[in-house]
Amino acid sequence: MAGYVISGVLAIIVIVLAICLMLQKKRMIHLAEKMEDYLAGRGQPLSFSLKEDAVAPVENAAAEMTNRIETGKERYQQEARRTSDLTADISHQLKTPLSSLRLFVEMDEGPHMAQEISQIERMETLIGSLLRLEKLCADGYEFSFAEHPVRPLIENAWNRLAPLWPEKIIVIEGEATLRCDEKWLSEAFQNLLKNACEHTAENGKITVRMEQTDSAFYCSVEDNGGGVPHEDLPHLFERFYRVEGQKQNGVGLGLAIVKEIIYRHHGHITAENTKEGLKFSISIPILNLTQS
């Protein structure tokens with residue numbers, strides 16, 4: 001009789017343990033789902049657990065992780081706002097004397113007025129580009145994401161450049177639709193196409209190829225300008241970097257701005273030499289989120 005009682009108690013214990021394990025497994029699965037949603041931007045920070053069981057330490061560790069992430073995000077946003085404000089103040093302080101200088105040069109009408117105006121305009125362009133880059137790096141601009149076909153976006157970027165380089169040839173291959181900020185991604189392509197125009201012959205050729213998979217958008221911009229020295233490739237996206245020996249018309253910030261725009265689209269851009277010239281390759285993940 002006692003054996004039957006012991007067996008019954010053991011059976012109950014086994015059942016209870018099984019139920020506990022099932023409940024803990026369910027909580028772990030639920031915790032994993034909440035963590036995935038949070039990291040993907042779809043969920044809220046996790047809350048601490050008041051229970052005293054084997055799962056609670058894991059839940060509390062996850063909650064502490066999200067809490068530290070939120071604290072870090074807030075500190076980063078504060079620092080970004082300070083940087084953005086500082087950049088705007090510096091830009092304003094520089095633009096004001098430049099405007100006055102331009103006025104005095106135009107009033108004097110000296111023998112070198114054209115060269116002086118040209119240098120003032122170059123400085124104004126540099127200040128404007130630097131301000132845009134710093135505000136991009138500091139999250140100073142709000143991006144508006146929506147589904148857009150990419151080919152018209154590239155064509156519009158080229159239409160703004162074509163009058164300056166009428167002999168250049170552009171070939172666009174492929175089709176894609178991407179969730180992006182139309183204005184900013186168009187500026188990125190315009191800077192890439194402008195860079196290609198500046199470093200190819202008068203009748204140079206630029207080829208843009210794009211494709212789209214279920215998970216990513218891929219695009220390359222390749223010219224036939226002969227490329228750059230291998231040691232310069234890792235530095236092309238650095239601000240103010242210039243390739244020695246090449247004619248320079250810009251201010252050295254275009255590719256840095258491109259990289260930052262692609263980064264804001266959660267993407268990546270690289271540069272490499274080909275048999276024909278220089279090739280930039282862009283990859284941007286396809287995100288199905290309500291907010292980027």
Side-chain angles (χ1 to χ4, degrees), residues 79-99 101-102 117-143 153-154 156-158 160-161 164-165 168 180-200 206 208 219 221-223 225 227-229 231-272 277-282 284:
E79 185 62 30
R81 286 192 292 268
R82 284 194 292 268
T83 301
S84 179
D85 292 342
L86 176 61
T87 304
D89 290 341
I90 294 174
S91 176
H92 176 73
Q93 295 299 324
L94 290 174
K95 285 181 178 179
T96 300
L98 279 176
S99 298
L101 182 60
R102 173 192 281 269
I117 292 294
S118 175
Q119 292 302 313
I120 291 173
E121 290 176 346
R122 180 177 175 83
M123 181 63 72
E124 290 173 339
T125 300
L126 172 61
I127 292 172
S129 297
L130 184 59
L131 174 62
R132 289 171 69 79
L133 176 58
E134 290 301 328
K135 288 192 69 173
L136 275 170
C137 294
D139 284 334
Y141 295 107
E142 182 177 352
F143 276 49
L153 187 150
I154 298 173
N156 291 336
W158 175 248
R160 293 190 289 269
L161 297 173
L164 301 175
W165 290 281
K168 305 285 184 180
C180 63
D181 184 291
E182 183 180 22
K183 178 179 74 72
W184 283 107
L185 194 60
S186 178
E187 178 170 333
F189 278 113
Q190 182 173 326
N191 285 348
L192 288 174
L193 295 174
K194 180 175 180 290
N195 182 80
C197 288
E198 291 174 343
H199 297 93
T200 54
I206 306 166
V208 182
C219 183
V221 179
E222 182 178 358
D223 62 53
V228 301
E231 60 270 19
D232 289 310
L233 285 172
H235 307 288
L236 291 180
F237 299 103
E238 297 176 3
R239 59 189 69 189
F240 304 118
Y241 187 81
R242 297 177 180 275
V243 177
E244 186 176 354
Q246 289 193 353
K247 183 180 179 181
Q248 304 294 338
N249 297 318
V251 296
L253 292 172
L255 293 180
I257 290 175
V258 170
K259 183 178 180 180
E260 196 63 31
I261 292 173
I262 299 302
Y263 173 76
R264 298 299 163 188
H265 285 79
H266 313 288
H268 185 64
I269 182 169
T270 58
E272 62 181 315
L278 185 61
K279 176 181 177 181
F280 293 96
S281 298
I282 298 170
I284 298 177

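Quick note: residue numbers are just sequence positions, from 1. Computed from a prediction, not measured in an experiment: that's the story for all the values here.
- Judged as a salt bridge (charged side-chain N to carboxylate O under 4.0 Å, His left out), and not counting sequence neighbours, the contacts of Glu260 are Arg264.
- Considering only heavy atoms from C-beta on, Leu193 comes within 4.5 Å of Val208 through its side chain.
- Of all heavy-atom pairs spanning Pro234 and Glu231, the tightest one is CD-O, 3.5 Å.
- Annotation for Glu142 and Asp181: closest pair O-OD2, 4.4 Å, computed over non-hydrogen atoms.
- Applying side chain to side chain contact (heavy atoms under 4.5 Å, CB included) to Leu192 and the options Leu255, Ile154, Ile262, Ile206 leaves one that passes, Leu255.
- To the nearest 0.5 angstrom, Ile257 atom CD1 is 6.0 Å from Glu187 atom CD.
- From Ile269, atom CD1 reaches atom NZ of Lys259 across 9.5 Å, with rounding to the nearest 0.5 Å.
- Checked against the 6.0 Å centroid criterion, the rings of Tyr263 and His268 do not qualify as a close aromatic pair.
- Note that CZ of Phe280 and CD of Glu272 are 10.5 Å apart. Values are rounded to the nearest 0.5 Å.
- Judged by distance alone, with hydrogens and angles left aside, the side-chain atoms of Lys168 form no donor-acceptor pair with the main-chain N or O of Leu161 at under 3.5 Å.
- Between Cys180 and Leu153, the shortest heavy-atom distance links the atoms SG-CD1, 4.4 Å.
- Ring geometry for His265 versus Phe143: interplanar angle over 60°, hence perpendicular rather than tilted (30 to 60°).
- Under the 4.0 Å criterion applied to side-chain N and carboxylate O atoms, Glu198 and Lys194 are assigned as salt-bridge partners.
- With hydrogens and angles ignored, the 3.5 Å screen pairs no side-chain donor or acceptor of Asp223 with any backbone N or O of Gly277.
- Ser186 contributes atom OG, which lies 6.5 Å from atom CG of Asn156 (distance to the nearest 0.5 angstrom).
- Remark: aromatic rings of Trp158 and Phe189 are distant, center separation not under 6.0 Å.
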Practice problem: Assess whether side chain to side chain contact (heavy atoms under 4.5 Å, CB included) is satisfied between Leu278 and His199, documenting all intermediate values. | Solution: CA-CA 9 Å; Leu278 185 61; His199 297 93; over 6 Å; no
